[in-house]
Enquirer: 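Mind looking over this structure? Questions follow.
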Amino acid sequence: MATRVMLVDEYPDRAVWLGDALNDAGYEVACTVKAHEDLYQRVLDVQPDVVIVEARSGRRDILEGLGTRNSPYPKPVVLFTEHSDPELMQAATAAGVSPYVVGGLSAEGVRSIINVAINQFHQYEQLRHELVDARTRLEHQRQMEQAKCFLMERDGISENDAYHMLRRTAMERARPISDIARAFLRANGRA
């Protein structure tokens, strides 16, 4: 199945050229969107694999919209421009643009740029998920340590005994030990 692309471009001639280059490179241009359209809704409707924004169409409001709405519907975004603009580059980075491409672009270069954008995006998403998982595990560990400390202070028991008490309760209730630790802390006003 071909990679589906959504183009955001105000200039029909350039959009046709880029669309032809994408089609020749094996991509499917799902639609071309004007800058004033509701980009988020179009992304939801079309569900492209990648969004390509031409810089003259990449006004700050579009880039900000991509950035704020990128969370619930993440897609890689590529921005093409003929001239370097530090303000636009900063807005593009904040919006989550994968590559920011400056200068002329050959039809052959389009494929490489899109592939890099998609690969970078997937790597970023993987890292983001790993970070969320690591934070969750650390929070569970923190709660476990707090619950053990509370039990040790309250009951005058060893750390090992406190752990086994939490573990036994988790096994009896068929729930993860982190849930038991969290519930225990809440029940004792320590959450």
Enquirer: Would you compute the distance between atom CG of N160 and atom CE of M165 and round it to the nearest 0.5 angstrom?
Expert: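 Answer for the CG-CE pair, N160 versus M165, is 11.5 Å.
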Enquirer: Return the minimal non-hydrogen interatomic distance between Q47 and R4, and the atom names on each side.
Expert: O-NE, 3.7 Å
Enquirer: Checking M6 against V50 for the side-chain contact (heavy atoms from CB on, under 4.5 Å) test, could you report, in this order, the C-alpha distance in whole Å, the side-chain angles of both residues, the deciding distance, and whether it holds?
Expert: CA-CA 6 Å; M6 175 185 283; V50 65; over 6 Å; no
Enquirer: Taking the side chain as C-beta and beyond, is there a heavy-atom pair between P48 and V5 under 4.5 Å?
Expert: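 They are not in contact (no side-chain heavy atoms under 4.5 Å apart), so the answer is no.
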Enquirer: Answer yes or no: are there more than 12 heavy-atom neighbours, outside R135 itself, under 6.0 Å from its atom CZ?
Expert: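 Not buried by this count: 12 neighbours or fewer within 6.0 Å.
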Enquirer: How long is the straight-line distance from OG of S178 back to CZ of R137, given to the nearest 0.5 Å?
Expert: 12.0 Å
Enquirer: Is there side-chain contact between H129 and V132, with at least one heavy-atom pair below 4.5 Å?
Expert: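 Not touching, per the 4.5 Å side-chain cut-off.
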Enquirer: Tell me, do I114 and L22 make a side-chain contact under 4.5 Å, heavy atoms counted?
Expert: yes
Enquirer: Of all the heavy-atom pairs spanning A147 and A181, show the shortest one and how long it is.
Expert: CB-CB, 3.9 Å
Enquirer: From I113 CD1 over to I118 CD1, what is the distance, rounded to the nearest 0.5 angstrom?
Expert: 12.5 Å
Enquirer: Hey, does the side chain of D179 reach the backbone of R175 with a donor-acceptor pair shorter than 3.5 angstrom?
Expert: no
Enquirer: Compare all side-chain heavy atoms of K148 with those of L151 and state whether any distance is below 4.5 angstrom.
Expert: no
Enquirer: Is it true that E145 and R142 have a side-chain N and a carboxylate O under 4.0 angstrom from each other?
Expert: no
Enquirer: Is there a path of hydrophobic side-chain contacts, each under 4.5 Å between heavy atoms, that joins M152 and L166?
Expert: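 Different clusters: M152 never reaches L166 through Ile, Leu, Val, Met, Phe, Trp or Tyr contacts under 4.5 Å.
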Enquirer: Are K34 and P12 close enough that some pair of their side-chain heavy atoms sits under 4.5 Å apart?
Expert: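 Contact flag for K34/P12 side chains = yes.
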Enquirer: Does any part of the side chain of L7, heavy atoms only, come nearer than 4.5 Å to the side chain of V29, both counted from C-beta?
Expert: yes
Enquirer: Distance check, rounded to the nearest 0.5 Å: Q143 atom CD versus R190 atom CZ?
Expert: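 Going from the CD atom of Q143 to the CZ atom of R190 covers 14.0 Å.
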Enquirer: Any side-chain donor paired with an acceptor under 3.5 Å for S158 and D161?
Expert: yes
Enquirer: Taking the side chain as every heavy atom from C-beta outward, state whether Y163 and I177 have any pair of such atoms under 4.5 Å apart.
Expert: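 SC-SC contact between Y163 and I177 confirmed.
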Enquirer: Considering all heavy atoms of both residues, which atom of A170 and which atom of P176 are nearest to each other, and what is their separation?
Expert: CB-C, 4.2 Å
Enquirer: Can you confirm whether I52 sits close enough to V8 that some side-chain heavy atom of one is under 4.5 Å from a side-chain heavy atom of the other?
Expert: no
Enquirer: Show the nearest heavy-atom pair for residues V46 and C31, with the distance to one decimal.
Expert: CG2-SG, 3.7 Å
Enquirer: Report the C-alpha separation of R167 and I180 in whole Å, then their side-chain angles, then the decisive distance to 0.1 Å, and conclude whether the side-chain contact (heavy atoms from CB on, under 4.5 Å) test is met.
Expert: CA-CA 8 Å; R167 184 172 173 247; I180 299 302; over 6 Å; no
Enquirer: Output, in order, the C-alpha distance, side-chain angles, deciding distance and verdict of side-chain contact (heavy atoms from CB on, under 4.5 Å) for M144 and R182.
Expert: CA-CA 8 Å; M144 175 68 91; R182 186 173 35 257; over 6 Å; no
Enquirer: How about Q123 and N119: does a side-chain donor come under 3.5 Å of a side-chain acceptor?
Expert: no
Enquirer: Could you give me the CA-CA distance, side-chain angles and deciding distance for Y124 and Q120, then say whether side-chain contact (heavy atoms from CB on, under 4.5 Å) is met?
Expert: CA-CA 6 Å; Y124 171 78; Q120 283 179 337; over 6 Å; no
Enquirer: Applying a strict under-4.5 Å side-chain criterion to I, L, V, M, F, W and Y, I'd like to know whether W17 and V78 cluster together.
Expert: yes
